[in-house]
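One structure below.
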Amino acid sequence: MKPSNLLFSLLLASPGAFAADAQPLLAVPGKVIYESKLDTAPGAPWKTAKGKWELVEGVLRGSELAEDKHGAVTRLPNQLQDFVVEYEFKFEGGKSTSLSINAVKDHMARISITPKSIAIQRDDNDHEGPDKAVVFARFPAELVPGTWHKVRLEMVGDTLVGQVDDLIAWGSDPLFKTTKAAPGFTVAGQSVDFRNLTIREATLNPGWETAKAALPKPGEKVAPAPAAAKGKGKGKGKATAAKKKAE
């Protein structure tokens, strides 16, 4: 095993890798900003923009509604600086989901997840203008419906680290230095479940440069995007467009 791969494995060796006292990567987690098991009926402070959000079997479930012509979206009203977000999700028939972070105006960054791929990216920040999304990494994946997976997003200064299970990537952009706003979930299709959400303040890990050396460089691991699912039926053929609108 190469030394960088060995360090990468050691960082992920414990099931508690997402715990506040785990070996930090970019961020050292601090004070809790928001924490919820997501085991109660949806309500304040969450703001639902689109879709159906409900309590199902003790966890939050998001589902796209065909009449919305838009992916399901729910967000918290918080404005953030440096932070760490952690939660768990599982596919229950949904086509895609994301953890989305907005800028004060428009979008900033996200971890975008389908059953076949995981992308960590800076978002398009102007939609109608010249700005473009930048994919730092896209990993092939095999996410089985009904199985819980862990997500972690760290943002400190101009850098982010995104993690889904043992897949990790990082990237930097000046946009990330600005105020982050409205962290939230998106869902395309029916449905995706969520639980155990925590948002913490964060400070830069003094060992970040060492940790970074074990991770792929931005753009180094960018697999082709999976082809859109074919077929007829409710929501079929609209996943890509709905997801884009939801973002």
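In what follows, every heavy atom counts, from backbone to side chain, and hydrogens, waters and symmetry copies are set aside.
Aromatic pair Tyr87/Phe185: centroids less than 6.0 angstrom apart.
By the 30° and 60° cut-offs, the orientation of the rings of His149 relative to Phe89 is tilted.
Looking at Leu80 and Pro183, their side chains come closer than 4.5 Å, going by heavy atoms from C-beta outward. Considering only heavy atoms from C-beta on, Ile199 comes within 4.5 Å of Leu76 through its side chain. Between Leu65 and Lys50 the shortest side-chain heavy-atom distance does not fall below 4.5 Å. In this structure, the side chains of Lys52 and Gln190 stay at 4.5 Å or more apart for every pair of heavy atoms. Using a 4.5 Å heavy-atom threshold, the side chains of Pro45 and Tyr34 count as touching. Between Asp158 and Pro174 there is no side-chain heavy-atom pair separated by less than 4.5 Å. For the pair Gln121 and Arg110, the minimum side-chain heavy-atom distance is below 4.5 Å. Annotation: side chain of Leu160 is in contact with side chain of Ile120 (closest heavy-atom distance under 4.5 Å).
Under a hydrophobic clustering in which Ile, Leu, Val, Met, Phe, Trp and Tyr are joined whenever their side-chain heavy atoms come within less than 4.5 Å, directly or via other members, Phe91 and Trp53 fall into the same cluster. Under the 4.5 Å side-chain heavy-atom criterion for Ile, Leu, Val, Met, Phe, Trp and Tyr, Val59 and Val192 are members of distinct hydrophobic clusters. Criterion: ILVMFWY side-chain heavy atoms under 4.5 Å apart, direct or through other members. Under it, Met155 and Val84 are not part of a common hydrophobic cluster.
The backbone N or O of Asn125 sits less than 3.5 Å from a side-chain atom of Asp131, completing a donor-acceptor pair. At distances below 3.5 Å, at least one donor-acceptor pair connects side-chain atoms of Gln163 with backbone N or O atoms of Asp165. Judged by distance alone, the side chain of Glu64 and the main-chain N or O of Gly189 form a donor-acceptor pair under 3.5 Å. Asp68 places no side-chain N or O within donor-acceptor distance of the main-chain N or O of His70, the cut-off being under 3.5 Å.
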(request) Test side-chain contact (heavy atoms from CB on, under 4.5 Å) on Val156 and Val28 and set out the steps. (result) CA-CA 10 Å; Val156 178; Val28 177; over 6 Å; no
(message) Working note: Val161 + Trp208, criterion side-chain contact (heavy atoms from CB on, under 4.5 Å); need CA distance, chi angles, decisive distance, verdict.
(response) CA-CA 11 Å; Val161 169; Trp208 164 235; 3.5 Å; yes
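The line from CD1 of Ile168 to CD of Glu154 is 8.0 Å long, rounded to the nearest 0.5 Å. Rounded to the nearest 0.5 angstrom, Thr178 OG1 and Gln81 CD are separated by 8.5 Å. The CG atom of Leu197 sits 9.5 Å away from the CG atom of Leu60 when rounded to the nearest 0.5 Å. Separating the CG atom in Leu38 from the CZ atom in Phe194 is a distance of 9.0 Å, to the nearest 0.5 Å. Taken to the nearest 0.5 Å, the CG atom of Asn102 stands 10.5 Å off from the CD atom of Gln79.
In terms of heavy-atom proximity, Pro140 sits nearest to Leu167 at O-CD1, 4.1 Å. Nearest heavy atoms, Met108 versus Ala103: CB-N, 3.7 Å. For the residue pair Ile118 and Ile113, the shortest heavy atom distance occurs at CG1-CG2, 4.1 Å. Nearest heavy-atom pair, Phe139 versus Pro216, reported as atom, atom and distance to 0.1 Å: CZ-CG, 4.3 Å. Shown here for Arg138 and Ala223, the closest heavy-atom pair between the two residues is NH1-O, 2.7 Å. Scanning all heavy atoms of the two residues, the minimum distance from Ser100 to Thr186 falls at CB-CG2, 4.4 Å.
Electrostatic pairing of Glu54 and Arg61 does not count as a salt bridge here, judged by no charged N lying under 4.0 Å from a carboxylate O. At a threshold of 4.0 Å, the pair Arg195-Glu88 counts as salt-bridged, since one of the basic side-chain nitrogens sits closer than that to a carboxylate oxygen. With respect to the salt-bridge test (charged N to carboxylate O, under 4.0 angstrom), the residues Lys90 and Glu92 qualify.
Counting only N and O atoms by type, the side chains of Ser172 and Thr159 include a donor and acceptor under 3.5 Å apart. For the residue pair Ser191 and Ser63, a side-chain donor N or O sits within less than 3.5 Å of a side-chain acceptor on the partner.
For Glu220, the CD atom counts as densely surrounded, since its 6.0 Å shell holds more than 12 non-hydrogen atoms of other residues, nucleotides or ligands. For NZ of Lys212, the number of neighbouring non-hydrogen atoms (other residues, nucleotides, ligands) closer than 6.0 Å is greater than 12.
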